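This report concerns only the one structure given below.
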Amino acid sequence: MFAAVLVLVGGLLLGWSGRAGAAADPLISRGKAATASSTESSSYAAGKAFDGNTGTRWASTEGKDPQWLRVDLGTAATVSRVKLSWEDAYAKAYRLEVSADGVTWTAIAEEKAGNGGTDDWTGLSGKGRYVRMYGTARGTAYGYSLFEMEVYGAAGTTPTPTGTPTGTPTGTPTGGPGGAFTVVAAGDIAAQCTASDSSCAHPKTAALAQQIDPKFYLTMGDNQYDDARLADFRNYYDKTWGAFKSKTRPVPGNHETYDPAGSLAGYKSYFGSIAYPQGKSWYSFDEGNWHFVALDSNAFDQSAQIDWLKADLAANGKKCVAAYWHHPLYSSGGHGNNPVSRPVWRILYDAKADLVLGGHDHHYERFAPQDPDGRATADGIVEIVGGMGGAEPYPIEQIQPNSQKRISGDYGVLKLDFTDSGYGWSYVGTDGQIKDTSPKYSCH
């Protein structure tokens, strides 16, 4: 039995009475949704540690630190006890952490000299919807493996909004006003590398994106490098961001046009009706009080798309409008401004659109509200460049007017928080740290 440990977090002393004996609170983690930083194979999925069967287990990739296992309790809860039943591949050092949103974590217990077996942490004091074991040092040459991770406590009564988009027959999100929801977005994602390469970034951004567990995901083009062939999608993108393909609403970038099989051939074959729900490489959908417009900036010179956009916006009945595509009108990165987007900006501006997301330049940048000619104005469109999903970063070269924040070199994703009347976002790095937080904006 291990010695009790006291952890000081944020000035709050968190204690526990030991790791033996039963706690009065009920088991609240059995059968709940679980995710992990990695799995050794499909036979050792994260959910195996929460199925109540001591003959099954979760196992991480071998030989790598850190690794984590997380359970979504489905609602806010007070956590009083966590019991870990280790397989031979145990953690020598780890933390137990809780989180309200799956992004910001607070430690409630820490082990620095583990030796496997059963760790029964009682007398804990933590509050959150998510609980995770965050392993920092393996006790063996293998990975981390748990037969069971049991969380005990008192669950709340009001679930935090989450889940999968409500689908139409084509799988497109829809719905009327219905409160807040979260979206994860990034562009310029899957380089031709895998998790076995320590410098490969898209497995890390995918793990972060999945950890946030949004309503759905947006990609802003250049999903797969270099020529976006179907085989490359299957070998790289599918092994990381493909884990949540059914909840992804993509648009193509210029690299999707380089496919020797034909422009967008691999992109269309891989995503299918997800990317072509209305039969074209541009489409729209609703969620809550928001209307989302997904555009193909490779085809902004095609009247068919422009005519469709005008008609789509004219028919929109939602208060708030967001659009996303690959080539940003404004950027301080190597590619710079892309005037091909200006006519589309004018259409969106006239329709009182609120937000535009882009990629192409491999950095993060946010702009103050501005009009299509680059003049700052309170009724302008807010633009975010979010090309930090995994491709090699580009430096900042020429800072554009109205650019408020620029970060190059840190991979991560946009965590966008939408309400019925406004929005804001954070840029979250693959280390789990928030690198930038936006102002809160109201819809026009």
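Just so you know, these numbers come straight off a predicted model, no measurement behind them.
- By the side-chain contact (heavy atoms from CB on, under 4.5 Å) test, T205 pairs with H202, W241, Y411, V413, T430, sequence neighbours left out.
- In this view, F147 satisfies the ring pair (Phe, Tyr, Trp, His ring centres under 6.0 Å) rule with no residue, not counting sequence neighbours.
- In this structure S198 satisfies the side-chain contact (heavy atoms from CB on, under 4.5 Å) test with no other residue, sequence neighbours excluded.
- Annotation: ring pair (Phe, Tyr, Trp, His ring centres under 6.0 Å) contacts of Y276 (sequence neighbours excluded): none.
- Looking only at atom types and distance, the side chain of N402 has a donor-acceptor partner in the side chain of Q370 under 3.5 Å away.
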Table please: side-chain donor-acceptor pairs of residues 180-190 below 3.5 Å, with sequence neighbours left out.
from	atom 1	to	atom 2	distance (Å)
T182	OG1	D417	OD1	2.9
D188	OD1	Y225	OH	2.9
D188	OD1	H362	NE2	3.2
D188	OD2	H360	N	2.9

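- For D296, the side-chain hydrogen bond (donor to acceptor under 3.5 Å, both in side chains) test picks out S281, N298, with sequence neighbours left out.
- The side chain to side chain donor-acceptor pair (under 3.5 Å) contacts involving residues 132-141 comprise D65-R138, E97-R132, where partners must be two or more places apart or lie in separate chains.
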Donor-acceptor pairs are to be reported for all side-chain atoms of residues 263-270 against protein atoms at under 3.5 Å, with residues two or more places apart or in another chain.
from	atom 1	to	atom 2	distance (Å)
Y267	OH	P250	O	3.4
S269	OG	A265	O	3.0
Y270	OH	D238	OD1	2.6

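- Every residue two or more places apart in sequence or in another chain that forms a side-chain hydrogen bond (donor to acceptor under 3.5 Å, both in side chains) with D361 is listed here: S331.
- Partners of E87 according to the salt bridge (charged side-chain N to carboxylate O under 4.0 Å, His left out) rule, which considers only residues two or more places apart in sequence or in another chain, are R57.
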Exercise. Begin with the C-alpha distance, continue with both residues' side-chain angles, and end with the deciding distance and a verdict on salt bridge (Lys or Arg N to Asp or Glu O under 4.0 Å) for E111 and R95.
Key: CA-CA 6 Å; E111 175 59 73; R95 298 189 300 271; over 6 Å; no

Practice problem: Please step through side-chain contact (heavy atoms from CB on, under 4.5 Å) for the pair K405 and I407, ending with a clear verdict. | Solution: CA-CA 7 Å; K405 181 74 174 183; I407 299 175; 4.0 Å; yes

Ignoring hydrogens and angles, write down the donor-acceptor pairs under 3.5 Å from the side chains of residues 382-398, residues two or more places apart or on other chains.
from	atom 1	to	atom 2	distance (Å)
E383	OE2	L329	N	3.2
E383	OE2	Y330	N	3.3

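- Listed by chain and residue number, I306, L309, K310, L313 satisfy the side-chain contact (heavy atoms from CB on, under 4.5 Å) test with I347 (two or more places apart in sequence, or in another chain).
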